[in-house]
Number of protein chains: 2
Amino acid sequence: MKRQKRTTIYDIAQKLNIAASSVSRALSDSSKVNAATKALVLKTAAEMNYQQNAMASNLRKGNNPTIGVVVPRINQNFFSNIIAGLEEVTYEKGYNLIICQSNELHAREVDCVHALINQHVSCIIISIAAEAGSHQHLQQVLDRNIRLIQFDRVVDELDTFKVINDNEKASYDAVMHLINQGYSRIALLEGPQEIDIFRQRKEGYLKALQKSGFPVIEELMCENAWTKELGAQATTQLLSLPEPPDAIFASTSDFSALGVLEVASAKGIAVPDALGICGYSNEPFTEITSPSITTIDQFSISMGKAIADLYFQELESSDLNAEPRVVSIKPELIIRKSTTRN
Amino acid sequence: MKRQKRTTIYDIAQKLNIAASSVSRALSDSSKVNAATKALVLKTAAEMNYQQNAMASNLRKGNNPTIGVVVPRINQNFFSNIIAGLEEVTYEKGYNLIICQSNELHAREVDCVHALINQHVSCIIISIAAEAGSHQHLQQVLDRNIRLIQFDRVVDELDTFKVINDNEKASYDAVMHLINQGYSRIALLEGPQEIDIFRQRKEGYLKALQKSGFPVIEELMCENAWTKELGAQATTQLLSLPEPPDAIFASTSDFSALGVLEVASAKGIAVPDALGICGYSNEPFTEITSPSITTIDQFSISMGKAIADLYFQELESSDLNAEPRVVSIKPELIIRKSTTRN
DNA sequence: AATAAATGGGCAATCGATTGCATAATAAAA
DNA sequence: TTTTATTATGCAATCGATTGCCCATTTATT
């Protein structure tokens, strides 16, 4: 689609019988332009409805104040909160945000990243898809001197800035809380172990068991239980064991925990007395279920802000060779009724 | 931040001792290039890690395959679903999405729109902020031949494509359902009446009352009750009336309805027997509250897709002078336990 | 008054990709 | 072999804004 004619600096220059470079200088607050000329240019530009062409400016200046964001699913609360937090900070800095979603598919993620590279974005902020695949596309980002920040789900082998939750500690705290409430047979609903965050959450679970002298029981650990439906299935299995668990830690998500709660309700199992339930992510619904669900808050909005701050404070300047590091955000255990025994 | 050197078509041209225009033609699948030359260029480009500079290409071509989206709040489920739906379609078409949020502030919305105009986006898709203000910024969009699609909350005076829910009918249906359930004193929680969608929802409420021969009672209508907290406040007032309502239609949002439910629970009022509750938007939590909440589903993801389809089918071609029209999506009443009397 | 310094305006090049047109090279037809 | 037609390549200009440098004019200093 061909652009129709818009006012350019040449139109203003012609009207005022000055050079286009003078127009440009006047519009950019340069010291190399006379105040009277500047005022006249600004007035004329407003009259002629001039607006800068960012495409041209960015090309000439060799930069593009745009950050690309790749998330698994835009409409998942955690990610939409992250984006909201990012947008707050980037707006203040005059940056655009381009949002892509991978729908948890590796090939989609690769496409998104390539499109962002083409756009010459200044930075790519990414939480990787659940589907496994090579990370070559991320290496290409680094090869082109585009800043790369990974958050939440990260590729360990890539030496970039990473903003993560201390999943292990949060998990550890949650399980310790369950143990302190007197639960002694605690099941774990796991996510895919190729994804760091899920591995860490399992690690925390195992450490808490070990710390408390509890045995690790394989059949109490269910893989790939991250949706409500998968969580419900896993729960049905767990409850049919000869010795069923007396608590379930859905380390993947609150949706999974909700699945647990629904099965427990359907079977008339008393929560929290006969079964404790703990989720992960502090989704909005966890405080309104009956009983409300103990969960872990990842502070997603402020996490988004922290990521953007990280870019603007340490990565935006090209003359600094900032040492990639891991910023770890402490999630908080939110204790509610689903794990509160009297 | 100055871009560091990346491979350009001139680097490839030099290496192969051909003209840059041949490189360009080879990369763009032109019929005016020899197959052998093309294969050689593609191979060399891959070896040299070439990736197109979209800034340069867009400037020369005079277009930018990018759609700007302005929503009140990114992390509100309705809007994040809209964006998710948009992204599905725009991804397929090779378009970028730039996302802005107004935080319900008029000045913020104006800033967002101006930034998008500067970016020469092909289309702006907007749901306006709750804060009232002039719509001159939207007229500027039209003046520059950027396509403008309004959705959900629209400016009536602006003759653009609009994608809306039939709020009046949905509201009417909800209230008729309440009446059919035997509720006879139905309160309305309203949003700001400057915003069309809230006005239409009230209109539907009034029409249902009229249709059923029920009187309109001023004190049963509460203004500006769109958050959970405001909904709870309004409910406390309503329930302290000499003749309290036996149903409350929270026409602003499910959050407002949740506020109603919490107050009712706290006061030991039986839902749905003594008080019916109906929300709006089918937020995920409405099916998990106790009791689950009757609400209206706006099909937000498919609405996002419909908006994108509208752009690609009717607006993308610049030679068509598509007549602006209103696309009305039929929301669906989702009947749940909060309004189901035996 | 003459010289030096400061101001600010214009010119030309740049950014990287695209594209119209001219024409050289190649292929096909006479 | 010569003529005509086709292919595909190179050149130059373009897109709109920015910026370095030169230099004319103005201002300040001697």
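Here is the naming used below: chain letters follow the sequence lines, and residue numbers restart at 1 for every chain.
- Comparing Y10(A) and S31(A) by the nucleotide of DNA chain C whose heavy atom lies nearest to each, the residue mapping closer to the 5' end is S31(A).
- Of the candidate nucleotides dT18(C), dG10(D), dA17(D), dG10(D) has the atom nearest to the side chain of A19(B).
- Residue contacts shown for S30(A) are absent, as no nucleic acid heavy atom lies under 4.0 Å away.
- When rounded to the nearest whole Å, the span between CG of N58(B) and P of dT18(C) equals 10 Å.
- Both A20(A) and A56(B) lie close to DNA chain D; mapped to their nearest nucleotides by heavy-atom distance, the more 5′-ward contact belongs to A56(B).
- Out of dT9(D), dA17(C), dT18(C), the shortest distance to the side chain of K61(B) is found at dT18(C).
- A straight line from CG of L27(A) to P of dG8(C) spans 17 Å, rounded to a whole angstrom.
- Taking 4.0 angstrom as the limit, Y50(A) places a side-chain polar atom (N or O) nearer than this to OP1 or OP2 of dA17(D).
- Rounded to whole Å, the distance from CD1 on I9(B) to P on dC15(C) is 13 Å.
- Looking at heavy-atom distances under 4.0 Å, I18(B) makes contact with sugar-phosphate atoms alone, never a base.
- Between S24(B) and dA17(C) there is no side-chain polar atom (N or O) within less than 4.0 angstrom of OP1 or OP2.
- Distance from the side chain of N53(A) is smallest to dG16(D) among dG16(D), dG10(C), dA17(C).
- Distance CG (D29(B)) to C1' (dA8(D)): 15 Å, rounded to an integer number of Å.
- When the P atom of dG16(D) is taken as reference, atom CD1 of I12(A) falls 13 Å away, rounded to whole Å.
- Between T8(B) and dC15(C), a side-chain N or O to OP1/OP2 separation shorter than 4.0 Å is absent.
- S28(A) has no side-chain polar atom (N or O) that falls below the 4.0 Å cut-off from OP1 or OP2 of dT18(D).
- Residue R25(B) places a side-chain atom within donor-acceptor reach of the base of dG10(D), judged by atom type and a 3.5 Å distance cut-off alone.
- Geometrically, R325(A) does not engage F161(A) in a cation-pi contact, judged by NZ or CZ lying under 6.0 Å from the ring centre and within 45° of the ring axis.
- Atom CG in N118(B) sits about 14 Å away from atom P in dG16(D), given to the nearest Å.
- Side-chain contact between N75(B) and I301(A): present, with at least one pair of heavy atoms (C-beta onward) separated by less than 4.5 Å.
- Residue S21(B) has no polar side-chain atom (N or O) positioned under 4.0 Å from OP1 or OP2 of dG10(D).
- Atom-to-atom, CG of N64(B) to P of dA17(C) comes out at 16 Å; the value is rounded to the nearest Å.
- N34(A) has a side-chain polar atom (N or O) that falls below the 4.0 Å cut-off from OP1 or OP2 of dG8(C).
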Chi angles and distances behind the salt bridge (Lys or Arg N to Asp or Glu O under 4.0 Å) call for K38(B), D29(B): CA-CA 8 Å; K38(B) 177 178 171 182; D29(B) 211 18; 2.3 Å; yes
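- In summary, the aromatic rings of H106(B) and H137(B) are positioned with their centroids under 6.0 Å apart.
- Cation-pi geometry between R73(B) and F79(B) is not satisfied (NZ or CZ under 6.0 Å from the ring centre, within 45° of the ring normal).
- Under the 4.0 Å criterion applied to side-chain N and carboxylate O atoms, R108(A) and E88(B) are assigned as salt-bridge partners.
- To the nearest angstrom, C1' of dA17(C) lies 16 Å from CZ of R60(A).
- In this structure, of dA17(D), dG10(D), dA17(C), it is dG10(D) that holds the atom nearest to the side chain of S22(B).
- Nearest-nucleotide positions on DNA chain D place K32(B) closer to the 5' end than the other of L59(A) and K32(B).
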